[in-house]
Amino acid sequence: MADAEVLVRTSEPPRMKIGERLRELFAHREVLVNLTRKELKVRYKSSVLGIVWSMLNPLLYLAVFFVVFTYFLPSGIPDFWAYLLSGLLAWTLFSTALAGATGSVVGNGPLVTKVAFPREILPLSAIGSSMVNFSFQFIVLLAVMIAFAYPFVGPALVLLPLALAALLVFTVAVGFAASAFNVRYRDTAHLVELALLAWFWLTPVIYPATKVLEQGSLAWRLYQLNPLVTITMGFQRAMYGARHLEDGRGVLPDPGIAWYAIRLGIVGLASVALLYLTWRLFYRRSGDFAEEL
């Protein structure tokens, strides 16, 4: 009787241990830094303006949406430019990081098949390069607010690091899953692109979240199932503040800073749980990446 064929997974042990994996990632931190630097160089290769493009991107969005929602479809939001930039900052980081992470393993196929290193570094490097762009875009936001003497300094700024931490954990969690599935199912990148298009309009970037709140408690609860809603509102409450429409309604829900902090904490904890699941998924699949590429 012929021996049964046995399939042996390649490079990774069968079960992930979080502590050991974190130590291994730390030991390969130079690889992460170098790949992040490479992501930035490839993105702006042969570009005259280089990293300046990352700063022009939110300004272009601001110009287009400002004209549309000021002169053609008036939003009624006071200082709409500040509201838009505050939300756009969070959305741009999420969308570019997720898109980059999704294609990171496939895009580095020759490296995966020839070099042994923790594969998580690939989506993390894509997210890291988006973080660099985010830092420059944040400088643009601060410069514009200072130039227009917009009053953004206050106690609500404590929400900014909470919102950013929740956003990063959630982005890494979704990025691990998307990048792992994209190795076997190349349609994943196209699905992510379409999902981001719909996701943008389900996130309060160019319209006030209170518009959904007015539709009733059920609509509001369903709306908040989108983690980007809470995260974006955290950015907006920190930078834009508690402003009101002409009829006296709040642009943002305004029960207080603690209300936002609690919800950001809930989103952060849920994102950590999601990260645990998607990290294990990524790890189980990573041993077969070299064969599938």
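Residues take their numbers from the sequence shown, with the count starting at 1. Below, all heavy atoms of this structure are taken into account, side chains as well, without hydrogens, waters or symmetry copies.
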Counting N and O atoms only, with roles assigned by atom type, does the side chain of [X] sit under 3.5 Å from a partner on the main chain of [Y], one being a donor and the other an acceptor?
X	Y	value
D254	A242	no
Q236	A82	no
T232	P204	no
S125	L122	yes
R280	L277	no

Check your understanding: Going through the distances and angles, do W279 and I18 end up as a side chain to side chain contact (heavy atoms under 4.5 Å, CB included)?
Key -> CA-CA 9 Å; W279 192 358; I18 297 293; 4.0 Å; yes
Review point. Near E30 CD, under 6.0 Å, is it more than 12 heavy atoms from other residues, nucleotides or ligands?
Key: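 Counting neighbours around CD of E30, 12 or fewer heavy atoms of other residues, nucleotides or ligands fall under 6.0 Å, so no.
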Contact check, side chains of [X] and [Y], non-hydrogen atoms, under 4.5 Å:
X	Y	answer
N108	E39	yes
E291	T113	no
Y283	E120	yes
P78	H244	no
L32	L25	no
L164	F235	yes
R237	I257	yes
L93	L168	yes

Linked, directly or transitively: [X] and [Y] (ILVMFWY side chains, under 4.5 Å):
X	Y	answer
L35	V115	yes
V229	I266	no
I231	L225	no
L22	Y276	yes
I206	L202	no

Practice item. Could you go through the side chain to side chain contact (heavy atoms under 4.5 Å, CB included) check for W81 and M145 one step at a time? Key: CA-CA 9 Å; W81 62 269; M145 286 187 162; 4.0 Å; yes
List the atom pairs, donor and acceptor, that lie under 3.5 Å between side-chain atoms in residues 172-181 and the rest of the protein, sequence neighbours left out.
residue, atom, partner, partner atom, Å
S179, OG, G175, O, 2.8
S179, OG, F176, O, 3.0

Locate the shortest heavy-atom distance separating [X] from [Y]; write the atom from each residue and the value.
X	Y	result
W220	A209	CZ3-O, 3.5 Å
Y83	P208	OH-CA, 3.3 Å
L162	A261	CD1-CB, 4.0 Å
I127	A101	CG1-CB, 4.2 Å
R119	R21	N-NH2, 4.0 Å
A166	V267	CB-CG1, 4.4 Å

Look up atom [atom1] in [X] and atom [atom2] in [Y], then write down how far apart they are to the nearest 0.5 Å.
X	Y	atom1	atom2	result
L228	T171	CG	OG1	7.0 Å
R221	L213	CZ	CG	11.5 Å
L111	I121	CG	CD1	9.5 Å
Y185	H190	OH	NE2	16.0 Å
T210	M233	OG1	CE	9.5 Å
M239	L160	CE	CG	6.5 Å

Review point. Should the ring pair Y223 and Y207 be called parallel, tilted or perpendicular, given that the plane angle runs from 0 to 90° and is split at 30 and 60?
Key: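 Rings of Y223 and Y207: tilted, as their planes differ by 30° to 60°.
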**Study point:** Geometric class of the Y240/Y150 ring pair [parallel <30°, tilted 30-60°, perpendicular >60°]
**Key:**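 Parallel, since the angle between the ring planes stays under 30°.
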Review point. Under the side-chain contact (heavy atoms from CB on, under 4.5 Å) test, which residues partner T92, sequence neighbours left out?
Key: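 Result, side-chain contact (heavy atoms from CB on, under 4.5 Å) vs T92: N57, L88, T96, Q137.
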**Study point:** Pair F94 + W91: ring centers closer than 6.0 Å
**Key:**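 Under 6.0 Å, so yes.
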Practice item. Apply side chain to side chain contact (heavy atoms under 4.5 Å, CB included) to the pair V144 and F148, showing each step before the final yes or no. Key: CA-CA 6 Å; V144 173; F148 284 90; 3.7 Å; yes
Check your understanding: Can a donor-acceptor pair be found between the side chains of W199 and N226 at a distance below 3.5 Å?
Key ->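 The answer is yes; a qualifying pair exists.
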Exercise for review: Take V105 and N182 through the side chain to side chain contact (heavy atoms under 4.5 Å, CB included) test and state the conclusion after the steps.
Suggested key: CA-CA 8 Å; V105 179; N182 192 51; over 6 Å; no
